[in-house]
Structures are given as C-alpha cells and as structure tokens.
Amino acid sequence: MAKELAKTYDPKGLEDRIYQKWLDNHYFHATVNPDKKPFTIVIPPPNVTGQLHMGHALDETMQDILIRFKRMQGYETLWQPGTDHAAIATEVKVTEKLREQGIDKDEIGREEFLKHAWAWKEEYGGKITNQLKKLGASADWERERFTMDEGCSKAVQEVFIRLYEKGYIYKGSRIINWCPVCQTSISDAEVEHVDQDGFFWHINYPIVGEEGKFVEIATTRPETLLGDTAVAVNPEDERYQHLIGKMLELPLTGRQIPVIADSYVDKEFGTGCVKITPAHDPNDFEVGKRHSLPEINIMNDDATINELGGKYAGMDRYEARRAMVEDLKELGLLVKVVPHAHNVGTHDRCKTTVEPMIKPQWFVKMDEMAKPAIEALKDGSLQFVPERFGKIYLHWLENIRDWCISRQLWWGHRIPAYYCDECGETVVAREMPKICPKCGCTHFTQDEDTLDTWFSSALWPFSTLGWPDQTPELDYFFPTDVLVTGYDIIFFWVIRMVFSSLEQTGKVPFHHVLIHGLVRDAQGRKMSKSLGNGIDPLKIIDEFGADALRLTLMTGNAPGNDMNFSNERVTASRNFANKVWNASRFIMMNLERARVPEEMDLAALTGADKWILSKVNTLAAEVTENLDKYELGIAVQKVYDFIWDEFCDWYIEMVKPRLYNEEDTTKSAALWTLKTVLTNALKLLHPYMPFITEEIFCTLHPEEESIMISAWPVYQEAWNFAREEREVEAIKEAVRAIRNVRTDMNVAPSKKAQVFVVSENPEVRSMFEEGKVFFATLGSASSVHVQADKAGIGDDAISAVIPDAVLYLPFAELVDIEKEIERLKKEEERLTKELARVNGMLGNERFISKAPKAKVDEEKAKLEKYTQMMEQVKARLAQLA
RNA sequence: GGAAGCAUAGCGCAGCUGGGAGCGCGCUCGCCUGACUAGCGGGAGGUCAUGGGUUCGAGUCCCAUUGCUUCCACCA
C-alpha cells in the first residue's frame with residue numbers, strides 16, 4: 001500500500017487538502033453532456049455579505065448529499081451556486097460602515113454610495129462561499145453567480161419589461177407598508193405581525209351643533225387622529241342611525257369630519273364607531289376610497305408628524321401620541337384607557353413598527369400569474385416534501401395580493417422606467433429613451449427606485465443558466481430537479497420562483513421542493529443574536545470536522561421537522577468518524593500482509609463472508625430507496641448501524657481468527673470481503689461524510705482517483721445469500737446467549753469455558769459445527785462440542801435455550817443451582833407470554849381468514865419455535881428440580 | 001379568527017405505506033480481548049398525552065379533548 005492512514009482520526013488539514021484536490025480536478029464542474037441525464041439543484045443564494053449559520057449548514061448539507069449521491073449514480077450533476085445582493089441588509093451595513101467613517105450617505109449621493117457598496121461586496125462577498133467550501137459543498141464554483149451580475153440583471157430587466165408590457169406590472173399610489181427606519185416600502189411578506197400589549201383609547205368627538213353631545217370612538221393609535229377624515233358606523237347599527245350624515249368636530253385640529261356608514265365596521269367591537277384615517281391604515285384606505293374621503297398624510301418618511309400636524313409637527317409618532325393623549329385629557333375628551341393586546345406589523349429585518357403610508361409604488365398584479373402556480377401543485381408537476389407544505393403554498397397563492405416591488409434603496413436593480421422631463425410620460429425600456437413618444441422631448445429621468453430583492457431571486461433557477469438567451473445550459477439543466485430550503489422562505493422565494501418561471505419559461509422551475517426545519521439550540525430555542533445562543537458552524541468544523549457536523553445535522557431528523565443541536569450530538573458523530581477510521585486502519589493493516597485477489601469466486605466465501613456481503617447488498621438498496629424519497633435521516637441511520645454494529649462489532653470480530661492464522665485457507669476470501677464491504681459502505685456513507693470517506697477510499701484503492709466519482713453501489717442478486725444470513729443470525733443468537741450466561745454467572749472474561757451445543761437436528765448441528773469457531777473469540781469459549789445428546793455434560797452445567805438447540809456451559813465450581821433455576825423460570829415466563837400472544841392470534845378465526853397468508857405462516861413458524869424452546873426449558877427445569 | 005405541526009425510556013429524537021417498541025446521550029455492572037477507552041461486552045428504564053372509533057390486529061388510520069410550538073389573518 002502506497003499510503004498509510006494516520007494513527008488517529010484528525011479532520012484538521014485533511015479536509016482542506018481533500019477539498020483542494022477536488023477543486024483542482026474540477027469534479028464539481030458540470031457540462032452539457034447529452035450522454036448523461038442531468039440532475040440540477042440551484043442553491044438558495046445566501047446574502048452576499050452574510051455569515052454562515054447553522055441554517056445554511058443544514059440546507060447546504062442536504063443539497064450536497066443529494067448532489068453527491070446523484071453524481072455517483074452517473075448523472076451529470078449541476079449544483080448551481082451563487083449569492084444574493086440582499087438589498088436592505090447590504091444597504092444598511094454599508095450605510096453603517098460609512099457612518100463610522102463619518103460619511104453621510106445622502107451627502108455623497110447615489111453614485112458614490114454604489115461605489116462603496118460594490119467595494120464592500122468585493123471585499124466580503126467571497127466570505128460566505130469560502131465558508132460553504134469548508135462544509136464540503138460540491139457546488140460548481142466555476143459557474144458561481146450573483147443576483148446583480150450582468151446576466152442576472154439582464155434577466156431582471158427583461159422580466160420587468162415583459163410584465164409591464166403585458167399589463168402585469170403597474171405603478172400606483174396605494175397604501176403600502178413603510179419602514180420609517182429603513183426608509184423604504186416593503187412588501188406584505190416582509191411584515192411580521194407581533195403581539196403587543198397596547199391600549200384602547202376611548203375618545204369623544206363632539207357632534208357639531210349639538211352642544212354636549214359626542215361620538216365615542218376607540219383607537220389603538222390616537223396620533224393618527226390628525227389624519228382622520230371621517231367616523232364610520234355600521235349601516236345596520238340601530239344605536240347610531242341618527243348620527244349618519246352628521247358632522248363631528250375633530251379634536252385638536254379644528255377640522256370637521258362626517259359620520260359615514262360602512263359595513264366594514266363591526267358593531268360588536270369597541271364602541272361601534274371607528275375613526276377613519278385613509279392615509280395611515282389599510283382598512284381605512286379602502287373605506288376612504290368607497291366614500292371618496294380625503295387622504296391626509298400626517299407623517300414624514302421617518303414617522304415624525306409633518307407640518308399638517310399643527311403643534312405636534314416634528315414630534316415622533318409615539319411622542320405625539322403621548323402629547324395628544326395629555327391634551328385630550330385636559331379637554332375632557334378622553335373617556336377612558338383600556339389595556340388591549342393586539343397585533344402590530346413590524347419590519348422583519350429591523351423590527352420597526354411599520355407605518356402604512358400612501359406612496360406611488362410599482363406593483364406586480366398577481367391574480368393571473370397565481371393561477372398556473374396553483375395548477376402546478378394540483379396536477380402534481382410540483383411536489384412538496386413533506387406534502388403538508390403544499391397546503392401553505394396553496395393558501396398563500398389563493399389569497400395573494402399584488403406585490404409591491406419598488407424599494408427606496410440604491411443597492412439593487414434600478415427600475416427600468418423613465419419619465420419625460422417635459423410631459424411626465426412614463427417609458428419602460430431597456431435603456432434611456434431618446435425621444436418622448438408623447439411630446440417629442442429628449443430629456444428623461446430614470447425612476448429613482450430599485451426592485452425588491454426577491455424580484456431577482458425569483459428568477460434564480462433560470463437567470464443563472466443564461467435566460468433570456470436560449471443557452472445550451474438552460475436547455476439541458478432546466479427545469480431543475482429539487483429545491484431544498486426552509487419553510488420560512490416559502491412565501492418569499494419558492495412561490496415567486498414558481499410563478500415567475502411558469503410565466504417566463506412555461507415550466508415549473510423544479511419538480512420537488514424539499515423543506516427542512518430550523519436548527520435550534522440544545523433546549524429547543526431558536527438560535528438568535530439577541531439570545532446569544534447561536535452555534536457557529538465554523539467553530540464546530542474546526543473542533544470536530546465538517547464530516548461530524550454534517551452527520552449531526554442529518555441524524556435523527558425527519559423532513560420538515562425542526563431539530564435541536566448540541567455539542568454532545570456532534571461528539572457522537574465524531575466518535576462514529578473515528579470508528580470508521582480505525583476499522584479501516586485495521587483492515588488495511590491486514591491487507592498489507594497478504595495479497596488480495598481482484599476477483600473473487602463467491603463460492604469460496606465462508607458463511608460469514610456471504611452474510612456480510614448480503615447485508616451490505618441490502619443496505620445499498622435501502623439507502624438508495626430512502627435517498628430517492630428524500631429520507632436522508634433514515635438512510636444515514638442505516639449506514640451508521642451497519643458499519644458500527646454489523647460490520648465492526650460482528651463481522652470484523654468474526655474474521656479475526658482467520659486473519660491471524662497463517663494456515664487458514666479462507667484468508668483471502670476474508671480479506672476480499674473486508675475490502676469489498678468496506679468499499680461499499682464508504683461509498684454509501686460518502687454523501688454524508690465526504691472527507692473521511694475520500695481519504696480512506698483513496699488509501700484503500702491507490703489506483704482510484706476519487707470516491708466522489710466512483711460508482712454508487714447497486715443491489716445485485718448474486719450477493720443475496722438468504723440462507724447464510726439466517727445461519728449467521730442463529731450463531732449471533734448463540735454467542736449472545738453465551739455472553740449472557742457468563743455475565744449472569746459473573747464469569748471473568750479472562751476465564752475461558754467449554755461450550756456444548758446440543759441439538760437433535762443434524763442440519764442445525766452442521767451449521768454450528770461450521771460456526772463454532774466464532775464461539776472462541778466472541779464467546780470466550782475454550783472448546784466447543786456440537787453433539788446430538790447430552791453425553792458428557794454434567795448436571796452442574798449452566799444452560800441456555802436458543803431456537804433449535806440448547807447450550808451448556810460447565811462451570812463446575814461456579815454453578816449456583818438456585819440462580820440457574822431462576823434464570824430458567826424467567827425464560828419460561830417470557831416464552832409463556834410469547835406463546836400466549838401467538839396462540840391468541842392463531843386461535844382467532846378472523847385472523848386466520850383475514851390476515852395475509854405470509855403473516856399467518858410467520859406466526860405459525862413462531863409458534864413452532866417457541867413451543868420447541870419451551871419444551872427444552874421445561875425439560876431442563878425438571879432435570880434440576 | 002383561520003391553518004399546520006408536535007406530544008414515544010431521565011434528556012434529545014427516529015419509527016415512511018397498520019402485523020412482536022428503536023437510536024444517540026445519560027445511568028448501571030463487567031472488561032486495557034493484538035483497529036478504536038472517541039473503545040468492547042452485559043443490563044435497568046416506556047399505560048407510545050387522554051378518551052372514543054375503524055380493523056382479525058393501532059405508536060402508526062379517523063374523531064374528540066388537553067398541553068406545547070409555529071404559520072397565516074385589515075377587527076379599529
């Protein structure tokens with residue numbers, strides 16, 4: 001062997017070295033290859049200036065597993081990587097950085113600011129991709145994209161123009177969600193409703209011309225009173241019929257406003273009288289439209305009261321609220337203040353309470369585009385895993401509202417709309433128009449706004465492949481196969497990709513959407529900056545290795561469920577890596593000492609060899625099946641159990657005597673089996689733990705280039721050995737029985753003992769005759785005698801009943817008859833229960849007639865087995881009594 | 001106000017299409033057995049939230065209840 005494995009498993013150094021090798025060999029690079037079937041995943045682009053967190057680690061690990069699996073299966077796999085410009089997040093960061101340097105964003109202006117932003121992007125943009133590489137991500141970095149690069153920007157512009165020309169994009173003055181801190185509009189999806197303890201302020205509005213008479217309204221936002229243009233009651237409300245049409249004096253303003261009737265008002269809620277502020281409440285906005293009420297905007301962009309607010313002008317909205325409540329109290333118009341819990345819309349990025357405002361904004365009309373997206377789910381061309389997330393998707397689409405896409409930011413795709421300086425005509429075009437089609441003027445000004453970040457992310461699955469050009473890549477890799485993401489992003493991203501793709505390409509962007517949950521801390525709390533409970537994946541990688549981190553993220557986790565992360569779990573994963581490492585070392589040590597045949601005649605294998613070969617064969621089928629179903633957790637659990645339990649704890653131990661005995665004629669069979677089974681197990685494990693498997697594989701197979709381009713194990717009938725599987729299981733059963741007896745009797749492991757196997761069945765005897773070699777190493781037996789009767793076994797031997805046979809261990813000086821009887825009674829009790837259960841089932845006519853025949857036969861076989869064992873136990877008890 | 005998810009061993013979880021309750025950690029007893037103490041062998045520990053139903057058979061399917069979590073929603 002050319003190379004040797006280090007004595008202990010240490011991921012440090014090893015992982016970076018291997019990753020570099022993969023890069024050098026361009027294994028991640030996908031090309032259009034008509035001879036192969038494509039398999040494509042686009043990465044959910046992380047924020048370009050972001051930092052890798054556990055959520056990414058989980059998301060990317062899942063994608064990498066699927067990609068590596070498919071690559072080994074022979075697909076041309078493209079994992080399309082890239083980053084997102086993350087408009088608000090980046091703009092905020094750059095603004096802050098400039099402020100630290102004493103630079104004011106507004107002073108330097110748009111162009112200068114963008115220079116700084118791009119410089120920032122160049123400096124920090126590579127950070128997160130480098131962190132992904134630490135994880136082992138086998139993405140095609142040669143195709144890395146950025147949502148604001150030339151191609152993606154071209155796609156954005158194209159889509160905007162197409163939708164505009166189709167009438168799906170329009171500009172309108174409507175009430176939108178305004179973030180006073182970020183100073184931009186935001187979409188409905190970006191508004192997070194949080195519970196807050198607030199108050200209901202009951203305020204009297206005097207009725208004009210009726211001295212001493214009032215209308216009592218209740219509001220949670222008294223400061224908006226300044227923008228009231230009516231008070232509404234329900235038209236059915238008998239209490240207030242007489243008020244409809246009357247004028248009220250709006251306190252603190254001197255204005256007069258009418259009482260109107262609108263069915264929007266709930267008679268039961270509050271006082272039944274609602275102040276209407278069309279400019280600062282979405283419902284009131286609608287009411288205002290219905291009744292042609294004036295819209296009075298009383299706030300500046302930073303949510304301070306504007307000049308229309310009289311003495312309150314300049315105050316912050318909350319400051320104004322306090323001042324106004326005081327003033328109302330003084331005027332005797334404040335009736336009462338009642339505590340009231342309600343939901344307040346906040347900006348998901350900065351947690352500022354959003355202020356509804358009327359502003360001219362660009363919108364995407366959603367009703368028509370939602371239809372095919374709904375249809376795609378219903379006809380199955382788009383499927384969620386787990387399925388339940390499809391309901392969330394449908395619900396959102398069926399209740400979708402127009403999407404506000406303009407943002408008052410600089411960092412992003414600028415809206416390709418131009419306004420004529422003379423007549424104000426709007427021209428949407430790929431570049432600045434030369435001449436106004438309306439007035440002939442030649443001077444235009446481009447719209448100042450940029451697009452919502454999600455507008456470009458929505459095009460990601462095809463913009464990255466060259467769309468709108470019909471590139472060979474687009475033709476070959478699109479539609480993509482599966483999208484892997486968290487449930488928190490379904491509305492923002494998944495839905496928008498689906499309708500955008502259907503609209504622009506006529507195809508779904510992906511066939512499956514694999515949804516995973518959140519990674520929480522050990523106590524199940526959300527990881528957050530404020531709690532300080534976030535676990536840095538890079539620190540985990542540094543301490544335990546990327547393989548251990550990846551395994552931890554994949555074990556014991558069902559699709560769509562949240563998972564709790566703890567260092568204890570990573571330790572367990574690392575221990576497994578060490579187990580794999582050392583088992584491999586052991587095998588290679590032995591391979592060095594002898595020649596292993598390239599080809600093996602399966603007939604030359606022993607029962608144990610066939611057993612483990614059969615097991616790894618089944619394992620390949622099961623792992624493949626579960627990966628195909630996206631059951632990544634179940635698949636890896638099976639690999640884990642196989643390697644640790646079956647392969648290491650049983651097979652390797654069984655095979656040791658053959659390795660140590662120079663005369664053994666089956667030695668090369670053992671070595672071949674060890675090598676073959678290890679190789680297959682490594683391959684099945686590779687998608688999960690790419691580094692350690694690569695290191696071992698290449699050491700084991702110096703002639704091979706890399707495990708990641710080796711062939712995925714396929715189930716083969718030639719490796720199916722059902723009989724040997726049964727036999728070895730029986731032998732394991734016997735070994736366990738021996739170990740049990742020894743522990744029960746407190747026999748030191750160093751003390752070897754004789755073992756007698758008694759069975760009347762000659763077939764069983766010959767099986768144990770062949771398997772008895774294992775009793776020595778695994779059961780600390782000094783000698784094993786397989787015989788048909790109890791000849792030569794004293795009454796003072798301890799016994800254990802197993803199916804088809806009884807084991808006797810003579811421990812003359814140690815035997816405690818009482819204890820032995822106790823053991824047998826316990827066994828009798830267990831068998832009695834089992835027999836009762838089986839008899840109950842078989843005694844039930846309806847079970848016999850209705851249950852599948854295979855099940856009935858299975859139970860009959862059990863009955864026979866337990867009956868036989870019971871006879872043995874009883875005979876033994878009678879003998880001791 | 002709607003909707004979804006979860007409830008299984010002390011802790012963290014798996015159990016996919018119904019057919020004898022599992023994994024990891026922890027605990028406990030015994031072992032330095034020539035790959036591994038990041039290990040090996042044995043063990044204790046569960047009325048599968050509660051109550052009904054379907055079925056020959058339910059942790060698994062259906063209904064209701066309780067508790068926790070989450071998402072959606074314009075009751076001022």
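All figures in this text were calculated on a predicted structure; none of them were measured in a lab. All values below were derived from every heavy atom in this structure, side-chain atoms included, with hydrogens, water molecules and symmetry-related copies excluded.
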- Decide, applying a 5.5 Å centre-distance limit and a 30° plane-angle limit (both strict), whether Phe847(A) stacks on G57(B). no

- Message: Taking any heavy-atom pair under 4.0 Å as a contact, classify Gly840(A): base, sugar-phosphate, or nothing.
- Response: nothing

- Item | Short side-chain N/O contact from Trp644(A) to OP1 or OP2 of C40(B), under 4.0 Å | yes

- Message: Would you say Asn740(A) places a side-chain N or O within less than 4.0 Å of OP1 or OP2 belonging to G43(B)?
- Response: yes

- Task: Tell me which nucleotide among G42(B), A76(B), C23(B) gets nearest to the side chain of His340(A).
- Result: A76(B)

- Task: Take Glu859(A) and Arg837(A) through the test salt bridge (Lys or Arg N to Asp or Glu O under 4.0 Å) and record every step on the way to the result.
- Result: CA-CA 10 Å; Glu859(A) 294 302 323; Arg837(A) 196 189 61 80; 3.5 Å; yes

- Out of G41(B), C75(B), C74(B), minimum distance to the side chain of Asp266(A) belongs to C75(B)

- Message: What's Asn399(A) touching, base or sugar-phosphate or nothing? Going by heavy atoms closer than 4.0 Å.
- Response: nothing

- Residue Arg569(A), side-chain atoms from C-beta onward, closest of G43(B), G12(B), A35(B): G12(B)

- Task: Could you tell me whether Tyr640(A) and Tyr688(A) have their ring centroids closer than 6.0 angstrom?
- Result: no

- Considering every strand shown, what is the Watson-Crick or G-U wobble mate of G39(B) when both distances are under 3.5 Å? C31(B)

- Grab the CZ-C1' distance between Phe586(A) and C40(B) for me, whole Å please. 14 Å

- Query: Think Asn578(A) has a side-chain N or O under 4.0 angstrom from the OP1 or OP2 of U37(B)?
  - Reply: no

- Message: What is the distance, to the nearest angstrom, from the CG atom on Asn746(A) to the P atom on G42(B)?
- Response: 15 Å

- Looking at C40(B), U70(B), G41(B), which one has an atom nearest to any side-chain atom of Lys579(A)? C40(B)

- Query: Touch check for Gln637(A), heavy atoms < 4.0 angstrom, all strands: base, sugar-phosphate only, or nothing?
  - Reply: sugar-phosphate

- Query: Taking the C1' atom of each, how far is A76(B) from A7(B), in whole Å?
  - Reply: 38 Å

- Task: Determine whether more than 12 heavy atoms belonging to other residues, nucleotides or ligands lie under 6.0 Å from atom CD of Glu192(A).
- Result: yes

- Query: Does Tyr640(A) make a side-chain N or O approach to OP1 or OP2 of G22(B) shorter than 4.0 Å?
  - Reply: no

- Query: Salt bridge or not for Lys289(A) and Glu295(A), using N-O below 4.0 Å?
  - Reply: yes

- CG (Leu514(A)) and OG1 (Thr485(A)) are apart, to the nearest 0.5 Å, by 9.5 Å

- Describe the nucleic acid contact of Asp649(A) in one word from base, sugar-phosphate, nothing, applying a heavy-atom distance below 4.0 Å. sugar-phosphate

- Query: Across the strands shown, which category fits Ala558(A) at heavy-atom distances under 4.0 angstrom: base, sugar-phosphate, nothing?
  - Reply: sugar-phosphate

- Message: In whole Å, I'd like the distance from the CD atom of Glu190(A) to the P atom of C72(B).
- Response: 13 Å

- To the nearest Å, how far apart are Gln196(A) CD and C75(B) P? 14 Å

- Rounded to whole angstrom units, what separation is found between the NZ atom of Lys629(A) and the C1' atom of U17(B)? 8 Å

- Query: Checking Lys656(A) against Phe586(A): charged group under 6.0 Å from the ring centre and within 45 degrees of the axis?
  - Reply: yes

- Message: In whole Å, measure the gap between the C1' atoms of G26(B) and C32(B) for me.
- Response: 23 Å

- Message: Of the options A76(B), C71(B), C16(B), whose atoms approach the side-chain atoms of Phe491(A) most closely?
- Response: C71(B)

- Let me know, please, whether Lys865(A) or Asp744(A) comes out on the 5' side of the other along RNA chain B by nearest nucleotide. Lys865(A)

- Message: Of the options A76(B), C40(B), A4(B), whose atoms approach the side-chain atoms of Val265(A) most closely?
- Response: A76(B)

- P spacing across the pair U17(B) / C61(B), given as an integer number of angstrom: 7 Å

- Task: For Lys862(A), report the nucleic acid contact type (base, sugar-phosphate, nothing); a contact means any heavy atom under 4.0 Å.
- Result: base

- Task: Please examine the side chains of Leu58(A) and Phe565(A), heavy atoms only from C-beta on, and report whether any two atoms are closer than 4.5 Å.
- Result: no

- C63(B) and G24(B), which share atom name C1', separated by this distance in whole Å: 36 Å

- Message: Please determine whether a side-chain nitrogen or oxygen atom of Asn564(A) lies at a distance below 4.0 Å from atom OP1 or OP2 of C13(B).
- Response: yes

- Message: Looking only at the side chain of Asn575(A) (C-beta and beyond, no hydrogens), which of the listed nucleotides C74(B), C16(B), A38(B) gets closest?
- Response: A38(B)

- Could a donor-acceptor pair under 3.5 angstrom be found where the side chain of Glu631(A) meets the base of A14(B)? no

- Query: Using the P atom in both, what is the distance from C23(B) to C31(B), to the nearest Å?
  - Reply: 25 Å

- Item | Side-chain ion pair, Lys267(A) and Asp237(A), N-O less than 4.0 Å | no

- Query: Over how many whole Å does the gap from Leu397(A) atom CG to C71(B) atom P extend?
  - Reply: 19 Å

- Message: Both distances below 3.5 Å, Watson-Crick or wobble geometry, any strand: find the nucleotide opposite U55(B).
- Response: none

- Please measure how far the C1' atom in U8(B) lies from the corresponding atom in U60(B), and state the result in whole Å. 12 Å

- What's the closest nucleotide to the Tyr660(A) side chain, out of G15(B), A35(B), A73(B)? A35(B)

- Item | Residues Lys638(A) and Glu631(A) bridged, charged N to O under 4.0 Å | no

- Note on the structure: For U47(B), the nucleotide meeting Watson-Crick or G-U wobble distances (both under 3.5 Å) is none

- Please give the nucleotide sitting opposite A7(B) as a Watson-Crick or G-U wobble pair, both distances under 3.5 Å, or none. U66(B)

- Sorted by position of nearest nucleotide on RNA chain B, 5' first, the leading residue of Thr571(A) and Glu859(A) is Glu859(A)

- Task: Round to the nearest Å and state the distance from Ile176(A) atom CD1 to C74(B) atom C1'.
- Result: 16 Å

- Short side-chain N/O contact from Lys656(A) to OP1 or OP2 of A35(B), under 4.0 Å: yes

- For Lys833(A), does the NZ atom sit with more than 12 other heavy atoms under 6.0 Å from it, leaving out its own atoms? no

- Message: Using a heavy-atom cut-off of 4.0 Å across all strands, would you classify Glu653(A) as base, sugar-phosphate, or nothing?
- Response: base

- Message: Please report the distance separating the P of G45(B) from the corresponding atom of U28(B), rounded so that it comes out in whole Å.
- Response: 16 Å

- Nearest-angstrom distance, P atom, C62(B) to U55(B): 16 Å

- How would you label the contact of Ala572(A) with the nucleic acid (heavy atoms, under 4.0 Å): base, sugar-phosphate, or nothing? sugar-phosphate

- Euclidean distance, atom CG of residue Asp188(A) to atom P of C72(B) [Å, nearest integer]: 11 Å

- Message: Measuring from the side chain of Arg401(A) (C-beta onward, heavy atoms only), which nucleotide among A76(B), C74(B), G42(B) has the closest atom?
- Response: C74(B)

- So which nucleotide from A73(B), G5(B), C23(B) ends up closest to the side chain of Arg388(A)? G5(B)

- Report yes or no: is there a donor-acceptor pair, N or O only, under 3.5 Å between the side chain of Arg574(A) and the base of A38(B)? yes

